[in-house]
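Reviewing the structure listed below.
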Amino acid sequence: MPKLRCTVDNCSYNKEQYCTLNAINVDGNGEGATNVEDTCCASFDATEYTLSNKEHVVQAVVDVKCTADNCIFNHHTVCNAEEIGIAGASTCTCSHDTQCGTFRCGRD
Ligand code: SF4
């Protein structure tokens, strides 16, 4: 399971740029993703953003299911990267405003 850092500050599960979920889903649209911008964190959720969410416990490593088949770190929909970075501005309003910055296309 990868270590995860995340810059999406307004996600309900973000605490000090770490994730408090023990599992997330990254969407890469099957073989559709060929660059970072084609991926997103499907677990992003801004709707329950409250101060109390900041009491959640940071997870050092996170189980990452991912549909980006072209990524070199994807092994049968499981991310095998040592560390990943989810990126997005604090103005994100939906999951498609986020991306997996570690995506690396292995397609020729
Ligand atoms: S590094 Fe690749 S396999 Fe891992 S979550 Fe990001 S896009 Fe998916």
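Start at 1 and go down the list; that is how both ligands and their atoms are numbered. Quick caveat: nothing in here was measured; it's all calculated off a predicted structure. Keep in mind that the numbers below use all heavy atoms, side chains included, and drop hydrogens, waters and symmetry copies.
Scanning all heavy atoms of the two residues, the minimum distance from Cys66 to Asn74 falls at O-ND2, 3.0 Å.
Crowding of Glu82 atom CD: a count of heavy atoms from other residues, nucleotides or ligands under 6.0 Å not exceeding 12.
Within the listing of ligand 1, atoms 7 (S) sit less than 4.0 angstrom from a heavy atom of Phe103. Within the listing of ligand 1, atoms 3 (S) sit less than 4.0 angstrom from a heavy atom of Asn74. In the vicinity of Val64, heavy-atom distances shorter than 4.0 Å reach the ligand 1 atoms 5 (S).
Nearest to atom 2 (Fe) of ligand 1 among the protein's heavy atoms is Cys71 SG, 2.3 Å. Protein heavy atom nearest atom 4 (Fe) of ligand 1, with residue, atom name and distance: Cys79 SG, 2.3 Å.
Under the 4.5 Å side-chain criterion, counting only non-hydrogen atoms from C-beta, Cys92 is in contact with Phe44. Val64 places none of its side-chain heavy atoms less than 4.5 Å from the side chain of Met1. Between Gln99 and Glu37, the closest side-chain pair of non-hydrogen atoms falls below 4.5 Å.
Residue Ile86 is not grouped with residue Tyr18 when hydrophobic side chains (ILVMFWY) are merged at heavy-atom distances under 4.5 angstrom, including chains of intermediate members.
For Cys100, the nearest N, O or S atom to atom 6 (Fe) of ligand 1 falls under 2.8 Å. Residue contacts to atom 4 (Fe) of ligand 1: Cys66 brings no N, O or S atom closer than 2.8 Å.
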